[in-house]
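The structure follows.
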Amino acid sequence: MKVVFSDRAFAAVMAETTEKIKTETGGLFLGSFEDGVWYVIEAIDPGPKSIFEVAYFEYDQQYTQHLINKIANLYDKKLSLIGLWHRHPGSFDQFSSTDDGTNSKYARMRKEGAISALVNIDPEFRLTMYHVNQPCRYSIIEYDVGNHLIPDEMLQYKSPERFEKLMTGIMNDEYKDFRPSVSLNGFLKVVLPYMKRIKINESLHEVGDSNLATERILDELVEDTAFLADEQGIEYSISQVEQFICLSQDAIDVPVKLYFRYIAEKDAVVFSHGSNCYLYKSNEFRRAFEQAFKAQKENTRQRIQYDRGASLSDAVKKIIHINLNGDGK
Ligand SMILES: [Zn+2]
């Protein structure tokens with residue numbers, strides 16, 4: 001197992017360290033894990049409202065989420081949150097107990113665990129890369145830097161043609177006759193029948209580190225929030241309530257509040273609507289919407305066939321009727 005940084009991601013880590021040379025700092029890694037290699041495609045800064053103390057750091061969550069959104073949107077392939085880094089004072093290149101907590105939460109986000117790097121300036125820049133296994137076992141792993149070590153498609157931005165297609169799609173609006181409404185309630189009525197309902201055992205309910213739980217939820221929600229806003233024209237607000245992320249809309253017709261939460265034991269995100277609970281993963285709303293759209297098209301076709309069928313049998317009846325009449329003559 002090893003780590004490969006894109007030139008840009010590594011430069012971003014160094015730039016952030018340089019900028020905050022006199023204090024602590026850190027950041028998040030975006031990329032993917034493939035065939036035993038962690039590809040760090042982008043490294044994003046912790047944001048203007050982050051707090052850095054010697055044994056404690058906290059990201060500016062709104063800012064990082066915004067940035068994850070923006071950056072992920074540029075790339076052809078999906079980027080996800082695969083790890084983090086932060087600077088330690090002096091030559092201390094091991095994790096504190098606070099770090100253990102943070103790292104193990106990141107490691108629980110995916111079965112392969114996560115990566116977590118420490119930066120020291122002693123007195124030169126030094127980066128130690130760790131792989132964090134579940135629950136929290138560390139092993140130092142090698143890292144390399146260079147775009148040439150990364151498969152081309154991972155570095156690929158969406159092409160101008162792809163963007164144009166997306167724009168045309170939005171402008172031409174292939175779904176224009178199938179737009180439930182700008183109300184979240186209307187949208188849900190259409191998609192919920194195509195989503196998976198599950199039962200949640202309340203004893204599994206775990207509060208844990210609410211920041212990590214909500215980060216995980218937001219990571220899954222990123223693409224659908226853009227889909228709801230940009231393609232469906234649904235206005236909503238997102239807020240954090242303890243360990244929940246609440247997606248709500250109260251202005252249009254029926255007020256809706258969807259509470260998303262992360263179930264660590266199942267490694268799953270779920271949301272509740274009324275008394276039901278639904279499994280949620282990245283792009284789930286889009287998928288359910290497209291399925292509903294297909295089903296509706298299918299329905300329309302069947303109805304047309306049925307109508308044709310009906311008029312055909314009417315015609316047959318008429319013929320029979322005529323014949324009967326003929327016979328009756
Ligand atoms: Zn630390």
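Whatever order the structure lists them in is the order used to number ligands and atoms, beginning at 1.
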Checklist entry - Between Glu220 and Arg216, is the closest basic N to carboxylate O distance under 4.0 Å? => result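 Salt bridge present between Arg216 and Glu220.
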Item to check | Identity of the N, O or S atom of Asp99 lying closest to the Zn ion (ligand 1) | outcome: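 Result: OD2.
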Next on the checklist: Taking side-chain contact (heavy atoms from CB on, under 4.5 Å) as the definition, give me every residue that meets it alongside Asn283, ordered by chain and number, with sequence neighbours left out.
Outcome noted: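 Partners of Asn283 by the side-chain contact (heavy atoms from CB on, under 4.5 Å) criterion, ordered by chain and then number, come out as Glu223, Asp224, Arg286.
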Checklist entry - Looking at the Zn ion (ligand 1), which N/O/S atom of His86 is the nearest one? => result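 Among the N, O or S atoms of His86, the one closest to the Zn ion (ligand 1) is NE2.
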Checklist entry - Apart from Phe92 itself, what residues make up its hydrophobic cluster, given side-chain heavy atom links below 4.5 Å? => result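 Answer for Phe92: none, a lone residue.
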Checklist entry - In His88, the N, O or S atom nearest to the Zn ion (ligand 1) is which? => result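 Sorting the N, O and S atoms of His88 by distance to the Zn ion (ligand 1) puts NE2 first.
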Checklist entry - Under 3.5 Å, is there a donor-acceptor pair between the Thr214 and Arg261 side chains? => result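 Looking only at side-chain atoms, Arg261 and Thr214 do not form any donor-acceptor pair under 3.5 Å.
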